[in-house]
Visitor: 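Structure in structure tokens, see below.
Each chain gets a letter, A, B and so on, in the order its sequence line appears, and its residues count up from 1.
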Number of protein chains: 2
Amino acid sequence: MITKTKLNRKQQIIDKATQLFQQQGYAATSMRDLAGYIGIEAASLYSHIKSKEEILQTICFQMANDFFQSLEKIELEKLSADEKLKKAVISHVQVLTKDSAASAVFFSEWRHLSDSYLKDFLAMRNNYENKFIQILIDGHKEGTFKKMDAKFTVLALLSSINWMPSWYKPEGKLTPEEIAENVTDVFINGLKIRS
Amino acid sequence: MITKTKLNRKQQIIDKATQLFQQQGYAATSMRDLAGYIGIEAASLYSHIKSKEEILQTICFQMANDFFQSLEKIELEKLSADEKLKKAVISHVQVLTKDSAASAVFFSEWRHLSDSYLKDFLAMRNNYENKFIQILIDGHKEGTFKKMDAKFTVLALLSSINWMPSWYKPEGKLTPEEIAENVTDVFINGLKIRS
DNA sequence: CCTACCGATCGGTAGG
DNA sequence: CCTACCGATCGGTAGG
């Protein structure tokens, strides 16, 4: 009972913090702000969390894991590079849209992590990007994709997707698949050798 | 003489603030931090600037103006939509790379502007995006570009470019023209109706 | 441009 | 989960 209440409260704190970090930024959000929205005193937050930064760590590494796992599943499949790229983008968009507030925090507040966590975080991000880069390189070897700067293209691709939650509000909501379809249509059809 | 010293000092303050805002974020940068790097006391900053936010305003609206003016010049030219898009992207990348620190602050710290400035800022940004959207719509009317969600595509395009300074460090530095060439090659060749 | 200082607010702890 | 409180730091002003 106590444990269940605690877990719920902890999740409630993290969820509200995610929302506030997204709206105001990590540094500009105070623990008193956060406590006020929850309806308790600031000091009481520390019964559930160790520190302000622990909340940020939870958000960032949860998202990093989600992105990572979704991509690892696709890597194992036997697919051509362009099919793999499309699936990877769909999967990326799915994770992104499942919790767009947490994603926004993940993408723009990670630099406030302390050194050791920052190191791990950047290593994971690099690793993730490299998997995409490999797909493009494979695609070139297979004769499907043009010769290009794969890193440049991957970062352009991921950037164009990642910032969508904060810029693009479609009236009729698009599904992750439709969003991914739009993005990959532009990118893949631009990358494919015209036959 | 006094005036000249003051102007130089003011610019020095803004330049250093730009660098710190980019690295640590606006909220996490203190006036004492900033003063320390300049080599004066925090209180002395206020002989040159009115407030911390004034610095952010200066950075954001300077960049907004630069982007805006560069695009307005191109709008007046008589060009086909795909040529115009390419020129607009080159121009955008030129402004972006001329001061990448200020650009980074412009793109990620604008939300810390107070309400009335924020309103102006968002109006300008919207206006800027609409000019790009119009180019894509014109391109569709001219029969050069596919049917598409123009807003979606513009935001994807601008996002992929805008976040490049923070993600992509080419060993041999690319010129703005080469960067724009890479980006528009992917986008335009993806957008063009294949004949 | 500095010294001296202001009130406000920060993240967090002690003890219950 | 609260009261009471800590030392540190914040943006900024007064007066020279």
Visitor: Any ring pair (Phe, Tyr, Trp, His ring centres under 6.0 Å) involving residues 9-29 of chain A? Give me the pairs, sequence neighbours left out, ordered by first then second residue.
Guide: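 Listed by first then second residue: Phe21(A)-Tyr26(A), Tyr26(A)-His112(A).
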Visitor: Nearest whole angstrom, please: distance from the P of dG12(D) to the NZ of Lys52(B).
Guide: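 Interatomic distance, NZ of Lys52(B) to P of dG12(D): 8 Å.
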Visitor: Compare the minimum distances between each of dC1(C), dG11(D), dC1(D) and the side chain of His48(B), then state the nucleotide with the smallest one.
Guide: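 Nearest listed nucleotide: dC1(C).
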Visitor: Taking only residues two or more places apart in sequence or in another chain, which ones pass side chain to side chain contact (heavy atoms under 4.5 Å, CB included) with Glu181(B)?
Guide: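 So Glu181(B) forms a side chain to side chain contact (heavy atoms under 4.5 Å, CB included) with Lys86(B).
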Visitor: Distance alone, cut at 3.5 Å: any donor-acceptor contact between the side chains of Ser80(B) and Glu142(B)?
Guide: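 Side-chain D/A pair, Ser80(B) to Glu142(B): absent.
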Visitor: If only side-chain N and O atoms count, and only distance matters, is there a donor-acceptor pair under 3.5 Å linking Glu75(A) with Gln134(A)?
Guide: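 There is no such pair (donor and acceptor under 3.5 Å, judged by atom type) between the side chains of Gln134(A) and Glu75(A).
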Visitor: Return the value, rounded to whole Å, for the distance between atom CD of Glu54(A) and atom P of dG12(C).
Guide: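 In whole Å, dG12(C) P lies 10 Å from Glu54(A) CD.
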Visitor: Please work out which residues in residues 21-46 of chain A have a non-hydrogen atom less than 4.0 Å from an atom of DNA chain D and list them by number.
Guide: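 Residues of residues 21-46 of chain A that come under 4.0 Å of DNA chain D are, in numerical order, Ile40(A), Glu41(A), Ala43(A), Ser44(A).
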Visitor: Are the side chains of Thr153(B) and Phe145(B) in contact, using a 4.5 Å heavy-atom criterion?
Guide: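 No; the side chains remain at least 4.5 Å from each other.
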Visitor: Using a 3.5 Å cut-off and no angle test, enumerate the donor-acceptor pairs between side-chain atoms of residues 29-46 of chain B and protein atoms at least two apart in sequence or in another chain.
Guide:
unit_1, atom_1, unit_2, atom_2, d
Thr29(B), OG1, Leu20(B), O, 3.4
Thr29(B), OG1, Gln24(B), OE1, 3.3
Thr29(B), OG1, Gly25(B), O, 2.7
Ser30(B), OG, Arg32(B), N, 3.4
Ser30(B), OG, Asp33(B), N, 3.0

Visitor: Is DNA chain D part of any stem, that is, at least 3 consecutive Watson-Crick or G-U pairs with both distances under 3.5 Å, and where?
Guide: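 The stems are C:1-16 with D:1-16.
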Visitor: Atom CG of Leu20(A) to atom P of dC10(C): distance rounded to whole Å?
Guide: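 Nearest whole value for this atom pair: 13 Å.
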Visitor: Kindly indicate whether the side chain of Ile74(B), heavy atoms from C-beta on, has any atom under 4.5 Å from the side chain of Glu77(B).
Guide: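 Yes. Closest side-chain heavy atoms under 4.5 Å.
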Visitor: My understanding is that only residues two or more places apart in sequence, or in another chain, count here; which of them pass ring pair (Phe, Tyr, Trp, His ring centres under 6.0 Å) with Phe121(B)?
Guide: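 Checked Phe121(B) against ring pair (Phe, Tyr, Trp, His ring centres under 6.0 Å); matches are Phe106(B), Trp110(B).
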Visitor: Quick one: which of dG11(D), dC1(D), dG12(C) gets closest to the side chain of Ser47(A)?
Guide: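 The closest nucleotide is dC1(D).
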Visitor: dG12(C) C1' sits how many Å from Ile55(A) CD1, rounded?
Guide: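 Distance check: Ile55(A) CD1 to dG12(C) C1' gives 13 Å.
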